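Structure, as structure tokens:
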Amino acid sequence: MSPPLRAPLPALRRSWRPSPFIRGSVAVHVGAAVAVLVRPPAWPWALSAVLANHLLLTAAGLWPRSRWLGPNWTHLPPAAASGGCSVPEAPGAAAAVALTLDDGPDPDVTGRVLDLLDAHGASATFFCIGDRVARHPGLARAIVARGHEIGNHSQRHLKRFSLLGPRGLSAEIRRAQQAILDATGEVPRFFRAPAGLRNPFLEPVLAQEGLQLVSWTRRGFDTVNGSPGAVLGRLTRRLQAGDILLLHDGHAARTAAGAPVILEVLPRLLAVLATAHLTPITLAAALARAAAPHT
Ligand SMILES: [Zn+2]
């Protein structure tokens, strides 16, 4: 038996507001039930409407960048992307992007990723797996101590994460919050679903924990593709301010020479960002920039 989890920090909780699509889905269910009560022979139509709605709900959950199920960052907030000012062309504004690194911490890779980020003066957000944080708390502490941020990527990174009900989702998320808090003293503010897959029960849990869902603008598919050129090409195609880029320090594919592909991609990516005058910032920094009063 694991000890009981601390309650979420009340200050971070936000109230859950169902998205228009969720409100519409509830209306479909209520309407179908009323139709069958009032006119029982209509049941095939009512059933068809409910089934069609469930297909759409499932499709929305399988589409990582969709906002149908609730708020979802696919880009940085506009003011953050343009350097804390609502006018993107403002002179001196440091245009920003976010590097997000998933599935760590990894004892073989994460330390070397931190060295590369240090060498380029870049900040990143690591979406860590709670179990791995508990196994490598020193690495989690190093991520924070070196100026980066840790986000919640669930406790076990289950393949069936998107099939869990409210209790299962809550346990996966709260246990990871706890593991990260215990290791670093910091409470994550951002969550990324394993493989980006979700269901309609997730957003109320995130609201309860004060977590913002983050997906990505572009991903390198660097857990399955070991070609640094191909991964870099995917990440930098149509690159622009406000992009959220996804790489992996855990579960990294290997290059032909056997190296974790992120270690070859990252220096080249950071050079491309520098040339494009795009500054990699953490998601928390992006949130702070977006909230700052604009001039
Ligand atoms: Zn992952």
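Quick caveat: nothing in here was measured; it's all calculated off a predicted structure. Quick note: residue numbers are just sequence positions, from 1.
- Distance CZ/R39 to CH2/W45: 10.5 Å, rounded to 0.5 Å.
- Of the inter-residue distances, the one linking Q178 atom CD with I180 atom CD1 reads 10.5 Å to the nearest 0.5 angstrom.
- The number of heavy atoms from other shown groups lying within 6.0 Å of CZ (R65) is above 12.
- The backbone N or O of R156 lies less than 3.5 Å from a partner atom in the side chain of E172, making a donor-acceptor pair.
- Using a 4.5 Å heavy-atom cutoff, the side chains of F21 and L56 are in contact.
- Relative orientation of the H29 and H54 rings is tilted, given thresholds of 30° and 60° on the angle between their planes.
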>> Evaluate D118 against R146 for side-chain contact (heavy atoms from CB on, under 4.5 Å), listing each step before the verdict.
In response: CA-CA 8 Å; D118 275 355; R146 289 163 80 165; 2.8 Å; yes

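- Within 6.0 Å of CZ in R17 there are 12 or fewer heavy atoms belonging to other residues, nucleotides or ligands.
- Between P18 and V26 the shortest side-chain heavy-atom distance does not fall below 4.5 Å.
- There is a side-chain donor-acceptor pair under 3.5 Å between S25 and N53.
- In terms of heavy-atom proximity, L202 sits nearest to R198 at CD2-CG, 3.4 Å.
- The nearest pair of heavy atoms linking L57 to P200 is CD2-CG, 3.9 Å.
- For F201, the CZ atom is loosely surrounded, since the number of other residues' heavy atoms within 6.0 Å does not exceed 12.
- Both V272 and V261 belong to a single network of hydrophobic side chains, linked directly or stepwise wherever heavy atoms of I, L, V, M, F, W or Y lie under 4.5 Å apart.
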> Can L47 and V36 be said to form a side-chain contact (heavy atoms from CB on, under 4.5 Å), step by step?
Replying inline: CA-CA 9 Å; L47 182 62; V36 171; over 6 Å; no

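- At least one side-chain heavy atom of L273 sits less than 4.5 Å from a side-chain heavy atom of V97.
- Under the 4.5 Å side-chain heavy-atom criterion for Ile, Leu, Val, Met, Phe, Trp and Tyr, L69 and L206 are members of distinct hydrophobic clusters.
- Looking at heavy atoms from C-beta onward, L235 lies in side-chain contact with V231 at the 4.5 angstrom threshold.
- The CG atom of L139 sits 12.5 Å away from the OG1 atom of T184 when rounded to the nearest 0.5 Å.
- Sorted by first and then second residue, the ring-ring contact (aromatic ring centres under 6.0 Å, His included) pairs with a member in residues 118-152 read F126-H148; sequence neighbours excluded.
- Atom CG of L62 is separated from atom OG of S162 by 6.5 Å, given to the nearest 0.5 angstrom.
- Criterion: ILVMFWY side-chain heavy atoms under 4.5 Å apart, direct or through other members. Under it, L232 and L263 are part of a common hydrophobic cluster.
- Between A124 and L101, the shortest heavy-atom contact is CB-CD1, 4.0 Å.
- In this structure a side-chain-to-backbone donor-acceptor pair under 3.5 Å is missing from N152 to A176.
- Here CZ of R132 is found 8.5 Å from CG of D249. Values are rounded to the nearest 0.5 Å.
- Of all non-hydrogen atoms in V133 and A179, the two that sit nearest each other are CG1-O, 3.6 Å.
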> Would E149 and F190 count as a side-chain contact (heavy atoms from CB on, under 4.5 Å) if you check the C-alpha gap in whole Å, the side-chain angles of each, and the deciding distance to 0.1 Å?
Replying inline: CA-CA 10 Å; E149 177 181 17; F190 297 93; 3.2 Å; yes

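- Atom CD of Q177 is separated from atom OG of S154 by 11.0 Å, given to the nearest 0.5 angstrom.
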>> R237 vs D243, test: salt bridge (Lys or Arg N to Asp or Glu O under 4.0 Å). Steps then yes/no.
In response: CA-CA 11 Å; R237 201 171 298 136; D243 284 358; over 6 Å; no

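- The closest side-chain heavy-atom distance from L247 to T100 is not below 4.5 Å.
- Between G250 and T223, the shortest heavy-atom distance links the atoms O-CG2, 4.4 Å.
- At a threshold of 4.5 Å between non-hydrogen side-chain atoms, the residues R192 and L213 do not count as touching.
- Hydrophobic clustering places L270 together with V113 (ILVMFWY residues linked when any side-chain heavy atoms are closer than 4.5 Å, directly or through intermediates).
- You'll find the side chain of L197 stays beyond 4.5 Å of the side chain of K159, heavy atoms only.
- The two residues V214 and N72 make their nearest non-hydrogen contact at C-OD1, 3.9 Å.
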> What do the steps show when you test W16 against E203 for side-chain contact (heavy atoms from CB on, under 4.5 Å), and what is the final call?
Replying inline: CA-CA 7 Å; W16 173 57; E203 180 52 28; 3.6 Å; yes

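- Salt-bridge annotation for E209 and R174: present, with a side-chain N of the basic residue lying under 4.0 Å from a carboxylate O of the acidic one.
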>> Set out, in order, the CA-CA distance, both residues' side-chain angles and the distance that settles side-chain hydrogen bond (donor to acceptor under 3.5 Å, both in side chains) for R67 and S19, then state yes or no.
In response: CA-CA 8 Å; R67 291 192 182 85; S19 66; over 6 Å; no

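- The 12-atom threshold is exceeded at CZ of R254, counting heavy atoms of other residues, nucleotides or ligands nearer than 6.0 Å.
- Partner of H157 under the side-chain contact (heavy atoms from CB on, under 4.5 Å) criterion, out of D102, D103, D131: D103 alone.
- With salt bridges taken as basic N to acidic carboxylate O contacts below 4.0 Å, none links E264 and R112.
- At a threshold of 4.5 Å between non-hydrogen side-chain atoms, the residues W216 and T74 do not count as touching.
- Two different hydrophobic clusters hold L246 and L239 under the rule that ILVMFWY side chains link at heavy-atom gaps under 4.5 Å.
- By the 6.0 Å contact criterion, CZ on R219 is enclosed, its count of non-hydrogen atoms from other residues, nucleotides or ligands being greater than 12.
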